[in-house]
Amino acid sequence: MRDNGAVNHPDQDTSTEPSTESGTISRDESEKGSRLYPRVTSFRSRRGSLTEPQQAAWDRQWPQIGRDVGDDLIDTTAWFGREAPLIVEIGSGTGTATAAMAKAEPHVNLIAVEVYRPGLAQLLQLVERNELSNVRVLRGDAVEVLEHMVAPESLTGVRVFFPDPWPKARHHKRRLLQAPTFALIASRLKPGGVLHVATDHAEYAEAIREAGDAEPLLTELDWESPMTHERPVTKFEDKAHKVGSTITELIWGKIK
């Protein structure tokens with residue numbers, strides 16, 4: 001798993017394969033025909049034990065700021081204890097970027113979504129260490145979060161940093177950022193809201209650009225963004241720079 005928000009890169013996978021091909025949370029087969037946004041699967045289920053400090057941070061923090069993905073709409077005002085612009089980060093990894101950006105934007109409520117428990121535990125440690133009150137975490141499938149837990153036109157922004165590129169052609173169907181997911185994200189953004197994507201995979205970047213540009217509710221951002229686009233350079237991204245990988249930033253705004 002990349003430490004800056006990726007969802008389990010296959011080249012670094014130490015996972016136990018799940019019973020389903022994608023590792024997503026399964027639903028009754030009868031629901032598939034009525035799904036508004038066709039299922040896009042994008043990650044492998046992974047297991048990992050927590051260190052003692054991670055477990056201690058989990059025990060202290062999770063009951064207040066964490067929850068598993070479910071079907072209930074989130075009352076974000078109650079969960080955060082305030083009303084504020086809401087940003088969802090899909091694939092927060094170990095939370096390096098999440099914590100840094102939350103610290104830089106204390107006026108924003110940030111929900112980090114990740115499937116890997118040790119990564120979430122590291123984020124909880126960062127939240128505790130930096131005394132961040134504006135971070136909440138969800139464990140599970142980000143598509144489920146957007147479909148069932150986030151209200152339409154409620155998000156100021158969505159961030160997807162270094163999603164798994166699934167580089168083999170036969171695996172492209174598992175990529176997160178395809179037309180159905182762009183439509184779903186766009187439906188959850190407020191008018192004027194922003195989708196910010198970063199990737200180091202050149203071919204995937206072009207596919208993302210094509211799919212994003214084709215979404216009718218998204219357009220080139222030509223107004224002042226309601227959120228920062230500054231990202232901290234993590235260890236993973238630093239390694240990508242050193243081997244000559246180009247980082248592509250893609251930003252869209254929802255039509256006002």
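All values reported here derive from a predicted model rather than from experimental measurement. For the numbers below, each heavy atom of this structure counts, side chains included, while hydrogens, waters and symmetry mates do not.
One distance of note links CH2 of W79 with CG of N109; it measures 10.5 Å at 0.5 Å rounding. Atom CG of L189 sits about 7.0 Å away from atom CG of L218, to the nearest 0.5 Å. How far CD1 of I65 is from CD of E128: 8.5 Å, rounded to the nearest 0.5 Å. Atom CD1 in I111 sits 11.5 Å away from atom CD in E89 (nearest 0.5 Å).
Within a 6.0 Å radius of CD in Q64, more than 12 heavy atoms belonging to other residues, nucleotides or ligands are found.
In the hydrophobic clustering (ILVMFWY side chains linked at under 4.5 Å, chained through shared members), L221 is joined by I87, V108, L110, V194, W223, M227, I251. Hydrophobic side-chain contacts under 4.5 Å tie L73 to no other Ile, Leu, Val, Met, Phe, Trp or Tyr residue.
Pairing each heavy atom of G95 with each of L126, the nearest pair is O-CD1, 3.5 Å. Across all their heavy atoms, L184 and E147 have their closest contact at CD2-CG, 3.7 Å. N134 and P106 get closest at one heavy-atom pair: ND2-CA, 3.7 Å. The two residues A121 and Q54 come nearest to each other via the heavy atoms CB-CB, 3.8 Å. Listed here is the closest heavy atom pair of A97 and P232: CA-CG, 3.6 Å. Nearest heavy-atom pair, I90 versus A142, reported as atom, atom and distance to 0.1 Å: CG2-CB, 3.5 Å.
At least one side-chain heavy atom of E105 sits under 4.5 Å from a side-chain heavy atom of T228.
Without hydrogens or angle criteria, K254 side chain to A186 main chain gives a donor-acceptor distance under 3.5 Å. Remark: the backbone N or O of L132 is not paired with any side-chain donor or acceptor of N130 at under 3.5 angstrom. Without hydrogens or angle criteria, T94 side chain to Q122 main chain gives no donor-acceptor distance under 3.5 Å. Looking at E114, its side chain never comes within 3.5 Å of a backbone N or O of L120 through a donor-acceptor pair. In terms of modelled atom types and a separation under 3.5 Å, the side chain of Y204 and the main chain of L177 share a donor-acceptor contact. One N or O on the side chain of H172 and one on the backbone of P167 form a donor-acceptor pair closer than 3.5 Å.
Contact check on E203 versus R175 returns a salt bridge, with a Lys/Arg side-chain nitrogen under 4.0 Å from an Asp/Glu carboxylate oxygen.
For R139 and W62, the positive end is not near the middle of the six-membered ring at less than 6.0 Å and at most 45° from its axis.
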Going by atom type alone, with no hydrogens or angles, which donor-acceptor pairs under 3.5 Å involve a side-chain atom of residues 206-217 and a protein atom two or more places apart or on another chain?
from, atom 1, to, atom 2, distance (Å)
D213, OD1, W252, NE1, 2.9
E215, OE2, L217, N, 3.0

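A distance of 6.0 Å or more separates the ring centres of H201 and F162.
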